[in-house]
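When reading the values below, keep in mind they use all heavy atoms of this one structure, side chains included, and skip hydrogens, waters and symmetry mates. Lettering follows sequence order; numbering is per chain, from 1.
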Amino acid sequence: MIYQTMNELMEKAREAEGKTFGEIDNFNRLDNKKSKGGLGQVVEESFFEYAVNSDARPDFDNLGVELKVTPFRKNTNGTLSAKERLVLNIINYMEEVNTEFKTSSFWTKNQKLLLMFYQWVPEVDRKDYQIFKSVLYTFPEADLEIVKQDWDLIIRKIKEGKAHELSEGDTIYLGAASKGSNKTSVRDQPFSRIKAMQRAFSLKQSYMTALVRKYIKNEDLIQFANASELKQKSFKELLEYKFKPFIGMTDKKIADIHGITYNPKSKSFVAIVISALLGIKGTKLGQIEEFSKANIQFKTVRLEPNGKPKESMSFENIDFYQWTSEEWEESYLRERFYDTKFLFVVFQYTETKKENPNRELVFKGIKFWNMPEETVENEIKELWEEVNRLINKNELEIEYVMRGKKLVESNNFPKISFNGVTHIRPKGADGQDKVALPNGNKITKQCYWLNNTYVADIVKDLI
DNA sequence: GCATGATCATGC
DNA sequence: GCATGATCATGC
């Protein structure tokens with residue numbers, strides 16, 4: 001069946017809304033539990049009635065449209081998220097370097113995407129997953145500029161003979177996701193003899209989440225960068241450019257300039273300041289389109305005059321059941337650091353607290369950062385393994401000791417001297433704020449931290 | 001001054 | 001009520 005016009009195709013695609021895959025599947029393909037591309041294939045064969053292929057050409061070649069069937073999920077707090085990144089075509093390292101963006105395999109195949117969103121539900125047979133929405137997606141102008149920058153960066157790395165060093169953390173929206181059954185899925189690259197892991201262009205999960213929320217929930221976000229700005233500067237350069245005029249000013253002065261009430265104790269103060277510097281008034285950072293689509297998390301860093309934060313940087317509380325039930329490769333912690341980009345907003349105190357309790361805080365600049373893969377796979381993995389070891393081998397010791405007049409709970413989880421990067425410390429409301437361990441014992445809620453010395457090292461070029 | 005444990009403040 | 005970011009307090 002050939003669809004002659006875009007309208008004809010989209011009319012057909014919308015007929016799938018509300019249907020389950022079981023209702024669509026004419027060939028009982030879904031009875032076979034394994035075939036992983038199953039859901040997309042069912043739509044191709046049974047719904048659109050064309051033969052499954054792996055061409056370099058888009059699925060609906062005459063219209064230049066590529067079909068993608070992609071899942072979203074409902075979170076416990078009621079919001080929707082993409083369940084995974086959207087994997088596009090495999091990167092042929094040997095060929096892709098000989099193209100320009102407009103002639104690239106990525107652009108040839110994926111410039112128009114027919115996205116069919118279905119809801120994934122845990123414990124439900126995939127036959128019963130339902131298609132919610134069919135959308136013809138073309139990249140908005142500003143997004144396309146960022147995608148182009150990402151594509152350029154991937155190509156540059158291949159040209160430098162570093163295809164084996166590609167990582168999803170390199171880019172903003174368009175990633176080079178590893179693809180293949182395991183680490184032996186490798187292929188040749190043109191400027192190095194080292195075999196590189198097979199990778200595919202992909203739209204990051206955070207990007208897909210923004211699309212899910214836009215098309216299923218009609219939630220829109222607010223951009224700070226427009227296409228013409230992004231034609232002049234890379235995303236990262238633009239971000240730095242927007243913050244630059246304020247380097248050297250106190251937090252109070254920046255607030256004054258932007259008409260923001262100076263309230264440094266408020267949890268949202270720095271967030272409001274950042275929004276203002278990006279030209280967005282009174283908005284929560286969660287609604288900034290670029291941050292949301294690229295999964296950029298901002299963190300405030302307050303340095304002492306000696307260039308080191310007084311405190312380490314805390315993260316989420318640990319769910320010990322989760323930590324001990326996952327494999328490292330799919331663990332929450334690993335994904336957390338692979339997928340998050342950090343925007344460190346760095347301030348420095350001019351004096352020690354002793355010298356002046358009302359000391360000033362001066363803005364030093366921003367650091368756009370993601371944790372190097374090496375660090376995730378070494379130090380962070382070490383932490384994860386040690387926690388698992390202590391719990392699984394029942395070697396976790398929780399003691400209650402008197403310290404002065406106070407009874408304190410102490411444990412043998414990794415301390416700040418563990419490996420120079422990360423450690424574990426309690427974080428509860430008080431001594432009663434406890435959480436259960438897999439063996440039923442209770443412990444004061446714990447969270448993982450990045451050491452203050454490690455954070456100091458990341459931002460040291462700003463001071 | 002640092003390490004470690006404790007707990008506060010805010011916002012959803 | 002709880003998660004998160006932030007900071008305090010004490011002992012060595």
Side-chain angles (χ1 to χ4, degrees), chain A residues 75-79 219 251 260-275 282-287 291 296-323 332-333 336 340 342-349 351-355 357-359 361 383 386-387 390 396-436 442-457:
Chain A
N75 303 316
T76 41
N77 65 7
T79 58
E219 290 172 3
D251 57 345
I260 297 164
T261 314
Y262 179 63
N263 186 9
K265 288 240 156 117
S266 163
K267 251 178 118 155
S268 49
F269 176 66
V270 178
I272 293 169
V273 168
I274 295 170
S275 298
T283 305
K284 288 168 203 154
L285 283 175
Q287 291 167 286
F291 287 13
I296 296 169
Q297 181 182 22
F298 96 91
K299 288 269 190 188
T300 313
V301 178
R302 290 175 175 81
L303 301 171
E304 292 295 316
N306 68 4
K308 225 170 65 176
K310 184 170 178 297
E311 304 289 344
S312 296
M313 183 179 279
S314 72
F315 287 82
E316 304 84 18
N317 280 351
I318 298 171
D319 176 342
F320 290 101
Y321 286 97
Q322 185 181 34
W323 272 46
Y332 170 80
L333 194 64
R336 169 82 166 87
T340 310
F342 291 95
L343 180 72
F344 292 127
V345 183
V346 183
F347 296 87
Q348 187 172 29
Y349 290 110
E351 299 157 284
T352 63
K353 199 168 186 176
K354 226 176 207 174
E355 285 163 355
N358 302 313
R359 57 198 177 149
L361 192 58
L383 181 84
E386 177 62 6
V387 170
L390 289 170
L396 177 65
E397 293 161 14
I398 303 170
E399 290 176 340
Y400 294 88
V401 294
M402 292 305 291
R403 201 173 67 183
K405 287 174 188 156
K406 213 168 215 160
L407 183 67
V408 298
E409 179 189 281
S410 80
N411 63 56
N412 58 342
F413 277 135
K415 309 291 177 226
I416 201 163
S417 57
F418 179 59
N419 65 12
V421 172
T422 183
H423 66 279
I424 286 175
R425 290 231 307 277
K427 188 169 72 167
D430 54 40
Q432 313 313 313
D433 200 10
K434 299 196 180 219
V435 67
K442 297 260 174 140
I443 187 170
T444 302
K445 287 178 182 168
Q446 307 282 320
C447 82
Y448 61 99
W449 302 66
L450 291 182
N451 296 3
N452 57 345
T453 48
Y454 180 65
V455 175
D457 198 52

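- In this model, a side-chain donor or acceptor of Arg425(A) finds a partner on the base of dG5(B) within 3.5 Å.
- In this structure, of dG5(C), dG5(B), dA6(C), it is dG5(C) that holds the atom nearest to the side chain of Gln297(A).
- The separation between Trp449(A) atom CH2 and dT4(C) atom P is 13 Å, rounded to whole Å.
- Backbone-only engagement by Lys308(A) is indicated by non-hydrogen atom pairs under 4.0 Å involving sugar-phosphate atoms exclusively.
- Side-chain proximity of Arg302(A) to the nucleotides dG5(B), dA6(C), dA6(B) is greatest for dA6(C).
- Of the two residues near DNA chain B, Ser266(A) and Lys445(A), the one whose nearest nucleotide lies more 5' is Lys445(A).
- Following rounding to the nearest Å, Tyr454(A) (OH) and dA3(B) (C1') show an atom-to-atom distance of 21 Å.
- Atom CZ of Phe315(A) is separated from atom C1' of dG5(C) by 11 Å (rounded to the nearest Å).
- In this structure, the side chains of Asp251(A) and Pro264(A) come closer than 4.5 Å at one or more pairs of heavy atoms.
- Checking the phosphate oxygens (OP1, OP2) of dA3(B), no side-chain nitrogen or oxygen of Ser417(A) falls inside 4.0 Å.
- Using cut-offs of 30° and 60° for the angle between ring planes, the Phe315(A) and Phe342(A) rings count as perpendicular.
- Salt bridge absent: Glu409(A) and Lys442(A) never bring a charged side-chain N and a carboxylate O closer than 4.0 Å.
- Put simply, the side chain of Val345(A) does not reach to within 4.5 Å of the side chain of Val301(A), judged on heavy atoms.
- For the OP1/OP2 pair of dT10(C) and a distance below 4.0 Å, the side-chain nitrogens and oxygens of Lys405(A) include no atom meeting the criterion.
- Residue Lys299(A) places at least one side-chain N or O under 4.0 Å from the OP1 or OP2 atom of dG5(C).
- The side chain of Arg403(A) contributes no N or O atom lying less than 4.0 Å from OP1 or OP2 of dT4(B).
- The CG atom of Asn317(A) sits 14 Å away from the C1' atom of dA6(C) (whole-angstrom rounding).
- For the OP1/OP2 pair of dT10(B) and a distance below 4.0 Å, the side-chain nitrogens and oxygens of Ser268(A) include no atom meeting the criterion.
- Distances from the side chain of Ile416(A) to the nucleotides dT7(C), dG5(B), dT4(B) place dT4(B) closest.
- Using a 4.0 Å heavy-atom criterion, one finds that Lys427(A) contacts the bases of the nucleic acid, with or without backbone contacts as well.
- Taking the six-membered ring where tryptophan is involved, the planes of Trp449(A) and His423(A) are essentially parallel, since the angle between them stays under 30° and well short of 60°.
- No more than 12 heavy atoms of other residues, nucleotides or ligands shown are found within 6.0 angstrom of NZ on Lys353(A).
- When heavy atoms are screened at a 4.0 angstrom cut-off, Lys353(A) is found touching the sugar-phosphate backbone but no base atom.
- Atom P of nucleotide dC8(B) and atom CG of Asp430(A) are separated by 7 Å, given to the nearest angstrom.
- One interatomic measurement links the two molecules: CD of Glu399(A) to P of dA6(B), which rounds to 13 Å at whole-angstrom precision.
- Map Ser312(A) and Asp433(A) each onto its nearest nucleotide of DNA chain C; the residue landing nearer the 5' end is Asp433(A).
- Rounded to an integer number of Å, the gap from Met313(A) CE to dA3(B) P is 17 Å.
- Residue order along DNA chain C, read from the 5' end via each residue's closest nucleotide, puts Ser314(A) first among Lys310(A) and Ser314(A).
- For the pair Leu407(A) CG and dA9(C) P, the computed distance is 19 Å after rounding to whole Å.
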